[in-house]
Number of protein chains: 4
Amino acid sequence: MSSAVADTPRSPGRPRSVRADEAIIEATLDLLAEGMSVDVLSIEAIAARAGVGKATIYRRWSGKDALMHDALATLKAPAPLPEGKSVRDDLVLLLSHVGPQPDPRLAAIMPCILPHVTRSEEHYKAYQDIIEPRRNVVRSVLQRGVDSGELRADLDLELTLAMLIGPVLIQRVLRWHPDLDADKLPAQVVDLIMAGIAAR
Amino acid sequence: MSSAVADTPRSPGRPRSVRADEAIIEATLDLLAEGMSVDVLSIEAIAARAGVGKATIYRRWSGKDALMHDALATLKAPAPLPEGKSVRDDLVLLLSHVGPQPDPRLAAIMPCILPHVTRSEEHYKAYQDIIEPRRNVVRSVLQRGVDSGELRADLDLELTLAMLIGPVLIQRVLRWHPDLDADKLPAQVVDLIMAGIAAR
Amino acid sequence: MSSAVADTPRSPGRPRSVRADEAIIEATLDLLAEGMSVDVLSIEAIAARAGVGKATIYRRWSGKDALMHDALATLKAPAPLPEGKSVRDDLVLLLSHVGPQPDPRLAAIMPCILPHVTRSEEHYKAYQDIIEPRRNVVRSVLQRGVDSGELRADLDLELTLAMLIGPVLIQRVLRWHPDLDADKLPAQVVDLIMAGIAAR
Amino acid sequence: MSSAVADTPRSPGRPRSVRADEAIIEATLDLLAEGMSVDVLSIEAIAARAGVGKATIYRRWSGKDALMHDALATLKAPAPLPEGKSVRDDLVLLLSHVGPQPDPRLAAIMPCILPHVTRSEEHYKAYQDIIEPRRNVVRSVLQRGVDSGELRADLDLELTLAMLIGPVLIQRVLRWHPDLDADKLPAQVVDLIMAGIAAR
DNA sequence: CGTTAATCGAGACGGTACGTCCTGTCTTCGG
DNA sequence: CCGAAGACAGGACGTACCGTCTCGATTAACG
């Protein structure tokens, strides 16, 4: 093409391998999902699992935190499902997706990053760009429920958000609980919080 | 000993220092409360903080897990508060105690052990003796509410438990949330779950 | 070219740069002469010094050993000096040429390759084609001395060769010796070995 | 003992293992003797060969150079043999000891350190305390020969020294030479240099 | 009141992972 | 096709801790 734009000037030398990029991210997610905590997750282990030299990782990311952030960002489900017929069904769907879908590793990883973001405001802010879009979807569903009259008009959206997400975050702990079924949890949570626990 | 009762047979040699015991437990809790995750919490750091040799720790505990367990067990508030005048007030009180009281470090530590117990059923069971008594208190308050007619007769106690505890576990994450006040969270959570979010 | 002789069929594409060839050889010799050992001498360093890409080197030589061999072969003085008037003068001249002439780097490089050829018989043999011609010149001078009666008839030529070359090889070590002058060393060595050290 | 001297105050903590010291030195000498050059010799290889952690090496030596120096110092034969009946026999004995005795690795290592000490005056000086004592013994034998009239009165001791040591340093190269026998080399060298090569 | 024995702080032990640097090879572009 | 630039997998660097061990000194109860 003889026309103008020099789209991407293209730096000299061999371009970075896309295969390596993917292998590193996948290895990171796999290791996280295998239950390793953020702190015990080692660059050396990631490199070995990805079949990659350590330098290839450090060429792309400054350290473990930056790599982790990008790895988790790839899990950022591209808007899982915005709309259904009722607020109740939408919420159940969304909460189910914080769970095993779309990437089955997500449910395993989430509790691992919880203490990570808890450590400091700095860590917390670093993950806002990943967490907030997900929360926004839930928030908008709640707002729609208020507007449509399905939910109470005086509802504290932020509080409700925290209560919806909390149980799901600890759902892995509930796996071994004899009286609860993790698969049905989202629906039960939504139903309970819709109705309230107080007697009528 | 020529006397009767062999109370404690008393082994020969220098007895173990009580000061060391306490210093180690305190150092462990301090470090956990400072936001370190379970994995990065090192025996070496505990020993240094406690002013104690590493062997002094390994002589008492088999490893990090055993020490952690005992340290957290000392936080096991000796029955925080059994009874109030209403289920609502009791729940608020109990949830507040999962928070900053009685030991201010408790709230900081709880999110740290979450991924730890999540790792495997083995880890999970190891902490049951600490977690379950606390849950039992909440459970009995809920049962009393059902019996007294304050709560719905068909209430799923285990599910309700999970929903009450979830938001509190992630309350540290909410510290930096602009629209939520961690101190008021327990009361808000209880009120919301009592009433439900559905419009009447 | 429309003219006649297609001497060398001339492969297609850009011909190899003679400048690069020379620059690589020169860079190799320079680095060796700067006292680097054979093992620390890196292709990367040679490429950088020559202002050349690493691939440009690997396209011409199979590896470090092959490059080194060719580089040293260029130092193979094209018959330094065959004949003088006396065996003594010839030897002094030859030893001086193992030293700073004709290429001043030769004296610096020789001790570097010593441990290299020492490593295995394989390495040793690889450099025979460079070393032996030089030794042959000395050998023939010695033989001429025996024939002419200047040297003892029962002389062990190989042994004498080793004794003449040894001191020169370590002459760099002698640079800092306060009582020896490297420049005069060849003459002194020849004179001493001619006369012997035993009292008469 | 109630008397004075507090010999060695003894620092607290576990004392350093003598076994480790020895294993490290032995591993270093073994690897050097196996023909590795100084530069390719890695701390990691030494640690592996010695069955020792890297930290155990770095706790004792600042780096490769310091370790090498101490390793070679242990080869410093504690006065190989001072005196015989003739200067000739003494020299043969001493030169033989620069060779395979007392430690058979010495002959293999010497050519390896030659380019090392050659690199700079700094490196050269660092090994003076190892090299010079050995040279001193030879020097004193030569001086004794001059005093006793066995050697020429006008002998240049330093030059003679260089000529005696040179051939031995390159004796490994001579291993594969068909016409020379490394074992007999010292005697041949001494005899030749005593008599001179000039015809009488 | 000296013996005995388990404790203490201290720190070295064999390891593992760190993040950096350099190896020799491979892969892209522009000349 | 060549040349430079530079990414690739691999591996050694020197540091920092890991959990274990070994040391001299301390500290009680027992004989």
Side-chain angles (χ1 to χ4, degrees), chain A residues 9-17 19-21 40-48 50-64, chain B residues 1-2 10-17 19-20 39-40 42-45 47-48 50-64, chain C residues 11-17 19-20 39-45 47-48 50-60 62-64, chain D residues 9-17 19-21 23 40-48 50-64:
Chain A
R10 194 65 172 71
S11 72
R14 176 176 177 173
R16 294 195 176 161
S17 157
R19 281 183 73 272
D21 278 85
V40 105
L41 177 66
S42 73
I43 296 285
E44 214 144 66
I46 295 172
V52 142
K54 278 195 292 178
T56 301
I57 297 180
Y58 285 109
R59 206 174 283 122
R60 290 162 163 78
W61 293 279
S62 63
K64 193 154 55 180
Chain B
M1 191 201 282
S2 57
R10 193 63 174 74
S11 69
R14 178 176 175 175
R16 292 191 177 163
S17 156
R19 282 184 73 273
D39 296 299
V40 103
S42 70
I43 296 286
E44 199 146 69
V52 143
K54 282 194 289 182
T56 303
I57 296 178
Y58 283 107
R59 204 172 285 119
R60 291 163 162 79
W61 292 278
S62 63
K64 190 157 57 180
Chain C
S11 69
R14 175 174 176 176
R16 291 192 178 165
S17 155
R19 282 184 72 273
D39 297 299
V40 103
L41 176 66
S42 70
I43 296 287
E44 197 146 72
V52 141
K54 282 194 288 180
T56 304
I57 297 179
Y58 284 108
R59 204 172 286 121
R60 289 163 163 78
S62 63
K64 189 157 58 181
Chain D
R10 192 67 171 68
S11 75
R14 178 175 175 175
R16 296 197 175 158
S17 157
R19 280 185 74 272
D21 279 83
V40 105
L41 177 66
S42 75
I43 295 284
E44 215 145 65
I46 295 172
V52 143
K54 278 196 292 179
T56 302
I57 297 179
Y58 285 109
R59 206 172 282 122
R60 292 164 162 76
W61 292 279
S62 62
K64 193 155 56 181

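Atom set for the values below is all heavy atoms of this structure, side chains included, hydrogens, waters and symmetry mates excluded. Every chain is numbered from 1, with letters handed out A, B, ... down the list of sequences.
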N/O (side chain, R16(B)) to phosphate O (OP1/OP2, dA6(E)) under 4.0 Å: no
Considering every strand and a 4.0 Å limit on heavy-atom distances, what is the contact class for G63(A): base, sugar-phosphate, or nothing? nothing
Nearest to the side chain of I43(D), which nucleotide is it out of dC13(F), dT7(E), dC8(F)? dC13(F)
Using a heavy-atom cut-off of under 4.0 Å over every strand shown, decide if A55(B) touches base, sugar-phosphate, or nothing. base
Does OP1 or OP2 of dG14(E) have a side-chain N or O of R14(D) closer than 4.0 Å? no
Nearest-nucleotide 5' precedence on DNA chain E, E44(B) against K54(C): E44(B)
Closest to side chain of A20(A), choosing from dG3(F), dC8(F), dG19(E): dC8(F)
So what does R19(A) hit on the nucleic acid, given a heavy-atom distance under 4.0 Å: a base, only sugar-phosphate, or nothing? nothing
The side chain of S17(A) lies closest to which of these nucleotides: dC8(F), dA28(F), dT28(E)? dC8(F)
Only counting residues at least two apart or in another chain, list the ones meeting side chain to side chain contact (heavy atoms under 4.5 Å, CB included) with R59(D). R16(D), A55(D), T56(D)
For dC22(E), does either OP1 or OP2 sit under 4.0 Å from a side-chain N or O belonging to R59(A)? no
Given dA7(F), is OP1 or OP2 found less than 4.0 Å from the side-chain N or O atoms of T56(A)? no
All heavy atoms of G53(D) vs all of A47(D), minimum pair found to be C-CB, 4.3 Å
